[in-house]
Amino acid sequence: MSESNTHAPAGGLRLLGYLVLAALSLVGLKAIIGTLADGHGALATTQHVPWGLWVALYIFFLGLSAGSFLLSTLIYVFGMKSLKPVGPLALLQALGCLLLGGLLIILDLGHPARLANVILHMNPTSAMAWMGIFYNLYILVVLVELYLAMRPRLIELASAGGAMSRWYCLLTLGSSNTSAAALARDQGWLKALGILGIPVAIAVHGGVGAIFAVTKARALWYSGLFPIIFLISALASGGALLTFLSVVTLKVPEEQKRKIVRLLARLTTGILCFDLLLLASEILVVFYGGLPHHADGWRQVLFGPYSWVFWGLQLALGTLLPILIVGGRRTGQSMKWLGFAGLLGVLGIIGARLNIVIPAQITPMFPTLPEAYHHMRYAYGYFPNSTEWQVGLGVCALGWLAFVLVRKCLPLDGQEHSATASSGGGEA
Amino acid sequence: MSATTRRGFLAKSVLGGGAAFGLSSLLGARSSEAFAAEVDRRYDIKSGDWIPSCCNMCGGQTGILCQVVDGRLVRIKPNDANPAGFSNISDDFFANCRTEGASMCPKGNAGIMTLYDPDRLARPVRRTNPKKGIGVDPGWTEISWEEAYSEIARRMKALLDAGTPEALLWWSEDHSFTHIQGDFCQLFGTPNYSNHSNLCDTARKASFKAVTGDERPLMDAIQSRYILLFGWNPLGATKWSLLPRILTRGQERGAKLVVVDPYFSATARKAQEWIPIRPSTDGAMALAMAHVIIRDGLYDKKFVEEWTHGFDRFSDYVKDKTPAWAEKISTVPAGTIERIAREFATTQPSLADVWSGPGQHSNAVHGGAAIACLNALTGSYDRPGTLHLPNKKGNAHGHLHADKPKAPRFADDNKLYPMFHGSGVYCEIFKKLAEGTGNYPAKMGMIVFQNPMMSVPGTETVAKALSNLEFLVVNDIFLSETAQFADIVVPGTLFLERYDWNTQWVTWPVLALRQPVVKPIFGQPAEYEFICELGRRLGLRDQDGKEFFRIGALSGRPVESLSAWYEEYLSSESKNGAPKMTLEEIKALPGATWVDKGGTKYEKYRKEMSTEDLAKATCVKTQVGGIEVEQLWDKPKDQGGKKIGTRIGGKAVKGFATPTGKVEFVLTCLTGKKDAEGKPCADLPVYEPRDWQPDAQYPLYLINWKEATHTHSRTQNNRWLLELQPGNPLQVNTKTGARLGLRDGDQAWVESKFGKMKVTVHLTEEIHPEVVGTQHGFGHWALGEEAKGRGSSDSGLRPTRADPIGGQAMHKQCCVRIYRA
Amino acid sequence: MATPQDTPFPPSPPAESRREFLAGRAATAVAGALAVASLGGCGPASPPAQEGSAARRWGMVIDLRRCVACKACVASCKSENKTPPGVAYNVFIEEEQGTFPYVRRVAFTRPCMQCAKSSCAQVCPTGATYHRADGIVAVDYEKCIGCRYCIAACPYGARSFDYGHDYIEKAGNPYNEIPSSEYGASYGLRHKGGSPEGNVRKCTFCLHLQDEKGEYREPPACVRTCMGKAIHFGDLKDPEGVCVAHGEKMQALLAHRGNYRLKEELGNEPAVYYLPV
Ligand SMILES: Nc1nc2c(c(=O)[nH]1)N[C@H]1C(S)=C(S)[C@@H](COP(=O)(O)OP(=O)(O)OC[C@H]3O[C@@H](n4cnc5c(=O)[nH]c(N)nc54)[C@H](O)[C@@H]3O)O[C@H]1N2
Ligand SMILES: Nc1nc2c(c(=O)[nH]1)N[C@H]1C(S)=C(S)[C@@H](COP(=O)(O)OP(=O)(O)OC[C@H]3O[C@@H](n4cnc5c(=O)[nH]c(N)nc54)[C@H](O)[C@@H]3O)O[C@H]1N2
Ligand code: SF4
Ligand code: SF4
Ligand code: SF4
Ligand code: SF4
Ligand code: SF4
Ligand SMILES: [Mo]
């Protein structure tokens with residue numbers, strides 16, 4: 001896709017890009033309607049691998065969301081002013097990814113219409129039920145924060161006249177107070193919500209990790225480190241996407257942008273390294289102990305038929321290469337390269353998510369269970385089929401299109417005009 | 001019916017609030033299911049009608065109870081009033097069945113799926129493509145029943161008019177509605193009624209008949225202490241549902257189970273000892289065991305002395321049949337043979353049994369006889385815990401007043417095979433039909449409930465044979481491979497839609513009813529009604545001028561309804577048989593099963609004849625096997641008499657049903673006879689290598705077997721059973737596979753000098769390295785949508801040949817090579 | 001080799017034990033014989049006690065020495081519960097071991113273990129999967145959202161998702177007019193979008209065969225059909241509890257032979273015990 005407003009592709013190319021996205025979205029929509037109408041018969045998931053691509057994408061999106069939200073708290077809670085211009089973007093990213101993830105997981109339910117049962121009949125021993133609670137809370141927090149972060153600019157735009165002013169006026173929700181006191185109150189709220197949001201975001205994503213980590217049936221998941229790895233990789237993924245999106249979309253002066261992007265990239269790299277450390281620890285301990293069930297799951301990841309996802313996608317492309325790029329003398333300075341590193345980081349995380357979800361399930365509950373019963377739903381192994389890809393890619397494309405649209409309709413950048421805009425801060 | 005009750009636990013709104021759940025309302029379409037919340041009591045286990053009957057998913061006739069609600073079959077469960085699902089020994093049945101309950105195998109449980117199989121043939125069809133062959137589309141077109149009847153009757157009438165009724169060849173299953181088919185053939189005037197036994201176990205029948213005079217002894221496993229099985233897989237080939245229980249219970253009570261089989265069969269898996277053997281060499285092993293038992297004096301001297309014939313010749317014969325000799329032939333270590341022989345002889349009661357394994361090779365009858373002789377050495381006949389000689393009294397087939405057909409049988413099979421079984425010799429018939437070498441031109445065929453295209457060796461020959469018929473009618477529930485050669489196929493009924501009598505596979509008289517539990521689902525006539533209607537249209541009459549298929553067998557009056565007529569036919573069979581009860585009376589019995597209270601009787605051969613019988617008996621003194629035997633007949637032989645006893649040691653006793661009245665080590669029934677290929681028959685249970693051995697080109701033995709999940713070639717469209725077993729990969733020993741460069745899961749060709757088949761290879765430690773094999777029954781190219789294209793059929797890899805003594809089709813005799821496809 | 005709890009045959013059992021035996025059986029109101037005796041009419045039935053009887057803890061003792069690997073248990077469960085393609089409440093697990101000629105098979109039937117500390121109910125977000133008073137782990141199809149978390153969490157692979165497949169597509173086929181009897185046939189006929197399609201399903205110990213008091217009038221289908229009489233089923237709470245199918249004392253079975261439960265180390269406390277080969 002495109003790289004940044006300064007490196008934007010020619011209009012023709014851009015149009016082609018949108019057409020592809022639109023096509024993918026349409027295909028995805030059709031597949032979505034199909035699943036809603038006909039149920040899950042069209043999926044490739046099995047009785048051994050009940051969760052497939054959609055669940056992997058779900059935790060992928062949730063990770064992106066939690067990651068970018070937590071990064072936003074650097075600004076709103078910890079006052080890291082240099083990043084301030086990406087604040088709304090980070091929040092939007094958090095919201096957008098959350099909704100996309102939500103869409104996928106709802107589609108993944110056998111009875112999506114009964115989703116509310118998670119709350120209405122909440123089972124307190126279920127990590128998933130808690131996840132449901134936090135998910136809702138989290139959405140509220142992000143929405144309010146986003147509103148507050150954009151409020152001054154919205155008021156500004158609403159009164160600026162023009163075609164869009166009515167829209168902005170609507171979005172102000174009737175508020176028009178841009179006094180310093182009001183702005184300070186906003187900041188106070190933002191900070192308070194940020195503080196509330198941190199545990200909620202941790203709960204949401206750590207919670208997703210916990211959903212997996214508490215299932216002793218799947219030894220690969222069953223580890224106290226798991227929610228932490230989840231969280232850390234969420235941070236990394238959020239950072240990577242934010243880096244990428246900043247390069248591509250952030251409209252601030254070049255120098256400020258460079259600073260922001262470099263900061264984001266380095267932060268992300270640091271987190272990636274930490275993630276690597278945790279992963280190494282987990283793997284080493286598992287193989288040292290060699291408990292068959294544990295080791296078998298990881299053996300699938302590292303040496304199974306899809307080990308390329310780990311070695312190629314997750315490790316080489318998604319972790320090592322970005323680290324090299326960001327650490328590289330020349331590449332570490334280049335917007336293009338850093339944006340690319342961000343993109344790689346995001347793709348790598350998809351690999352990581354697939355590796356979390358699938359191999360643990362492929363290891364059967366009893367070694368010969370897949371031969372015990374003969375139906376495609378009891379077959380050994382799993383690879384997403386075209387319906388699943390259509391929906392998965394369609395949702396991604398939809399998300400992208402929505403983002404393009406929303407960016408046009410929301411004042412996500414140009415925050416330097418707002419009262420508290422500042423430039424200093426960030427280290428070189 | 002029962003009260004309908006509401007259950008209060010449902011009907012809550014599923015729509016909720018919450019930002020994230022806005023989607024829920026968008027998806028309202030999926031939430032519209034407001035649950036009826038109604039417990040449908042009609043499907044309660046106690047509701048509807050429970051109709052007792054007998055299963056026929058295989059030939060086992062296990063008792064079943066069928067729950068029918070609104071005319072639909074809801075449940076099938078075991079029928080505790082019928083011993084076939086519990087025990088073959090009456091004491092065990094009477095004492096324990098009510099407590100423990102009877103059983104049913106997976107196929108029986110899957111009966112509903114076959115009943116409602118969407119691929120079943122619903123209406124008669126006629127072919128439009130005159131060309132016949134494998135893979136040729138017959139171009140079926142549906143016709144009315146009237147058309148089918150009139151066309152078939154017209155063709156039959158033509159044969160009658162031409163004075164060649166014998167040009168009609170008839171093949172049928174061997175337990176279901178056979179009497180009426182036999183009657184039809186006799187009244188029609190064709191001697192060519194044959195049924196499936198000769199595809200099945202006529203070699204075993206011949207072996208035991210030669211040695212004990214009884215065709216089908218049954219093992220009393222539950223009371224045995226030592227159970228030695230040669231190529232008999234009762235835990236996989238669960239012929240009657242009682243088998244798993246009596247075997248495992250026998251073991252539980254202390255019996256040792258030893259299984260001799262090239263394959264680690266389902267039964268071998270439960271055995272304390274599995275003895276892998278080279279196919280068709282069981283006779284050699286048995287002889288070597290006899291050698292050890294006689295050498296060491298371990299046999300039951302009293303029994304041998306009193307109740308056997310020819311021991312001296314036999315012991316002479318086995319003098320040099322040492323375990324070392326047998327090891328070379330069978331690959332079973334001599335030490336093992338020594339040990340098993342001693343264990344078998346000294347752990348009493350013991351039994352040695354054999355079924356299809358050694359029984360479907362060219363040397364089957366003698367091999368089986370050698371095994372039967374092992375029992376003779378230990379007196380293991382008709383005693384508790386041995387091979388029981390059952391009392392098979394049940395229904396009585398009414399005597400038909402009709403001339404015996406004048407023409408000889410089409411293939412002379414009855415003359416060629418010295419131990420010809422009444423079921424005919426399919427292989428001989430199909431071969432001659434294909435070659436056009438029968439006694440006269442055969443014009444028309446009727447195949448009922450048979451799939452010879454898959455169940456007879458030599459698929460090509462069978463195809464040619466069937467194509468050579470001018471007109472073929474097939475009665476089947478599917479458009480089977482065989483049906484593809486028919487001119488008209490009429491839909492049959494499944495066992496759940498029709499009647500039959502079942503004499504059970506137990507050791508004392510039992511007669512159980514199979515009855516329609518649902519109406520034939522397409523409104524089609526049952527097979528017997530189909531035959532009856534044809535008989536009526538042809539106006540077939542018996543010697544007394546009675547229109548046989550119209551006059552009720554009991555009432556003697558015309559009965560219009562086909563079903564009512566057949567009910568009388570059945571009723572007369574039970575009334576005149578052991579139960580002396582009418583159909584209605586048996587229907588009213590618990591589980592619709594008549595069980596003789598007298599129970600299992602042992603050592604019946606010792607039973608002295610009543611003075612009454614003795615007074616009426618005709619005494620026949622004959623020379624048998626070099627001795628004079630005093631046989632007692634109920635009527636003189638030429639008046640259709642039956643041998644009812646023998647004078648032994650001065651006493652008139654029932655004895656064994658052999659010519660000498662004793663168990664025969666010397667098979668007097670074969671003395672001086674020639675086999676179907678003109679070779680003199682040995683009258684000792686000799687070991688001779690089977691007449692097709694592996695060579696450099698075809699180095700491996702190919703065998704096959706049954707597993708509990710399927711029946712022959714008929715259940716491979718059953719969707720439930722396919723989930724248990726969806727195919728039949730070729731089992732190859734891991735080392736053999738490695739030598740041939742085969743990997744697990746490979747596609748490979750298995751080729752014999754007669755044909756080839758494509759298989760999926762499964763490498764396993766569970767088979768003899770010189771042997772490969774598959775489960776029989778897969779490899780359909782017709783039958784139904786599910787069956788088509790699954791697994792492989794090995795029937796095309798063999799010639800259409802039967803064992804030359806008993807006429808048993810040789811399904812397990814084959815040599816092959818394998819290479820990757 | 002003969003185990004004390006076997007019904008001895010012959011010699012016939014002492015009169016008392018026999019009486020006691022039959023009495024126990026009558027008490028559980030389940031008799032194979034009854035099935036035959038009750039072929040005729042029977043009174044109106046009332047719904048099964050929804051939560052079962054707290055006095056009971058239903059369980060199985062599966063004697064692997066008696067099991068012949070016929071898989072009748074699997075087929076009978078299909079038939080009793082009319083589960084759709086790809087849904088199996090029990091499966092038969094086999095593994096080949098050893099090298100020729102010293103080979104053996106590990107083989108066992110695997111229903112749901114009805115764990116006292118079940119992973120499935122623990123993780124189920126909606127409480128759709130729940131423990132009944134009698135220890136049976138059931139699914140309220142109406143609550144279930146089809147998230148499949150319980151499948152992921154069950155260490156025994158005992159749950160299956162209903163993908164909405166059907167054995168017979170042909171409209172009007174009588175088979176499709178027969179509802180599943182499970183949960184008292186309260187979910188009616190299968191239809192798109194309606195439960196149990198889209199739900200996770202599992203072995204219920206055939207709880208619909210219980211009477212209004214929560215006692216089994218009829219053993220679960222797999223127990224009833226079992227060819228080796230290998231599956232014993234009864235109340236594990238009652239020290240004298242007998243198998244509702246064959247009459248053996250459950251505790252005696254456990255006491256007289258070594259027994260084990262699958263994956264005991266996970267602490268799920270299954271109600272299904274195995275007696276070793
Ligand atoms: N499930 C099921 N049960 C059935 C049937 C069915 O189709 N399905 N069919 C029924 C019928 S009609 C019959 S006749 C019976 C047959 O029952 P069985 O006689 O048990 O028949 P098979 O399984 O064909 O063969 C038995 C064993 O012989 C072995 N074998 C092959 N060749 C040799 C040999 O030369 N020597 C020895 N020692 N073993 C050998 C095979 O490996 C196999 O394990 O089963 C009945 N029961
Ligand atoms: N290679 C090999 N061949 C074998 C064997 C083997 O072990 N290996 N085993 C042999 C043995 S032991 C036997 S007994 C034979 C059996 O062979 P067959 O007697 O031919 O039996 P099936 O193969 O089951 O074919 C039965 C046919 O009847 C149809 N059918 C089923 N039920 C009904 C019904 O109720 N009514 C009617 N009208 N039709 C029905 C089925 O659709 C099927 O086409 O096979 C023999 N063939
Ligand atoms: S063995 Fe099975 S298929 Fe055969 S009659 Fe018995 S229950 Fe039916
Ligand atoms: S076996 Fe699995 S499904 Fe059954 S109760 Fe235990 S955890 Fe739940
Ligand atoms: S699929 Fe249904 S039963 Fe299973 S965890 Fe989800 S809501 Fe609970
Ligand atoms: S108890 Fe019932 S539901 Fe469970 S496996 Fe057995 S037959 Fe199926
Ligand atoms: S029905 Fe009984 S004997 Fe057969 S596989 Fe199941 S548990 Fe074993
Ligand atoms: Mo057979």
Side-chain angles (χ1 to χ4, degrees), chain B residues 2-3 5 7 9-10 30 33 35-36 38-41 43-46 50 52 65 72 74 76-78 80-81 91-92 95-96 98-101 103-106 109-110 112 116 118 235 238 241 244-245 248 252-254 264 266 269-270 276 590-591 708-709 719-720 724 733 764-766, chain C residues 1-3 6-7 9-10 12 25 31-33 35-36 39 42 44-47 50 65-66 68-72 74-76 78-79 85 96 98-101 103 105 142 167-168 170 173-175 177-179 181 184-186 188 193-195 209 218 224-229 245-247:
Chain B
S2 46
T5 331
R7 248 168 104 181
F9 77 104
L10 300 162
R30 293 272 279 172
E33 29 164 321
F35 282 96
E38 206 163 274
V39 175
D40 201 335
R41 285 278 143 229
Y43 296 93
D44 188 278
I45 185 101
K46 292 259 172 182
W50 278 96
L65 297 172
R72 290 185 281 264
V74 176
I76 305 180
K77 65 174 192 172
D80 297 345
D91 289 357
D92 183 23
N96 301 322
R98 301 225 143 186
T99 323
E100 290 185 29
S103 297
M104 253 164 66
C105 87
N109 274 291
I112 299 175
Y116 295 127
L235 300 183
T238 48
S241 286
R245 180 178 170 277
T248 51
E252 202 166 276
R253 291 155 45 85
F264 191 53
R269 286 167 205 160
K270 290 305 284 181
T709 41
R719 288 152 169 81
W720 291 352
L724 302 183
N733 184 287
T764 174
E765 296 293 333
E766 298 182 336
Chain C
M1 246 239 207
T3 45
D6 297 337
T7 313
F9 152 73
S12 53
R25 206 168 149 65
V36 175
L39 290 174
C42 39
S46 34
Q50 204 196 311
R65 204 181 275 167
R66 286 186 176 184
V68 300
C70 66
K71 306 187 189 175
V74 181
S76 68
K78 275 265 139 201
S79 173
E96 170 186 336
T99 43
F100 179 88
V103 290
R105 280 258 179 143
E142 202 203 1
Y167 281 110
I168 297 171
K170 232 182 211 167
N173 186 295
Y175 181 79
E177 312 286 310
I178 305 169
S181 291
S186 50
S195 290
L209 296 175
E218 177 85 11
R224 180 175 66 204
T225 205
C226 176
M227 299 202 87
K229 308 265 160 256
H246 328 128

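Hydrogens, waters and symmetry mates are skipped; everything else that's a heavy atom, side chains included, is used. In what follows, chains are A, B, ... by sequence order, proteins preceding strands, each numbered from 1.
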Which atoms of C:K170 are under 4.5 Å from chain B, going by heavy atoms: the side chain, the backbone, both sets, or neither?
side chain
Measure across C:F100 and B:E765 and return the closest heavy-atom pair with its distance rounded to 0.1 Å.
N-OE1, 2.9 Å
Is chain C contacted by the side chain of B:R269, its backbone, both, or neither, given a heavy-atom distance below 4.5 Å?
side chain
Closest approach of B:W720 to C:K78 (non-hydrogen atoms, all atoms of both residues):
CD1-CD, 3.8 Å
Give me the atom names and distance for the closest heavy-atom approach of B:V74 to B:I112.
O-CD1, 3.4 Å
Salt bridge (Lys or Arg N to Asp or Glu O under 4.0 Å) evaluation trace for B:E252 with C:R65
CA-CA 8 Å; B:E252 202 166 276; C:R65 204 181 275 167; over 6 Å; no
Against chain C, work out which of B:A110, B:P118, B:A708 has the most heavy-atom pairs shorter than 4.5 Å and name it.
B:P118
Mind ranking C:T99, C:V74, C:L209 by heavy-atom pairs under 4.5 Å with chain B and telling me who comes out on top?
C:T99
What part of B:P276 gets closer than 4.5 Å to chain C, counting heavy atoms only: side chain, backbone, both or neither?
side chain
Do you know the tightest heavy-atom contact between C:K229 and C:R224?
NZ-O, 4.2 Å
Minimum side-chain heavy-atom gap C:E142-C:S195 below 4.5 Å
no
Counting only non-hydrogen atoms closer than 4.5 Å, does B:T238 touch chain C with its backbone (N, CA, C, O), its side chain (CB onward), both, or neither?
side chain
Side chain from CB out, backbone as N, CA, C, O: work out which of these in C:C226 comes under 4.5 Å of a heavy atom of chain B, or both, or neither.
backbone
By a 4.5 Å heavy-atom criterion (distance strictly below it), what part of B:T248 contacts chain C: side chain, backbone, both, or neither?
side chain
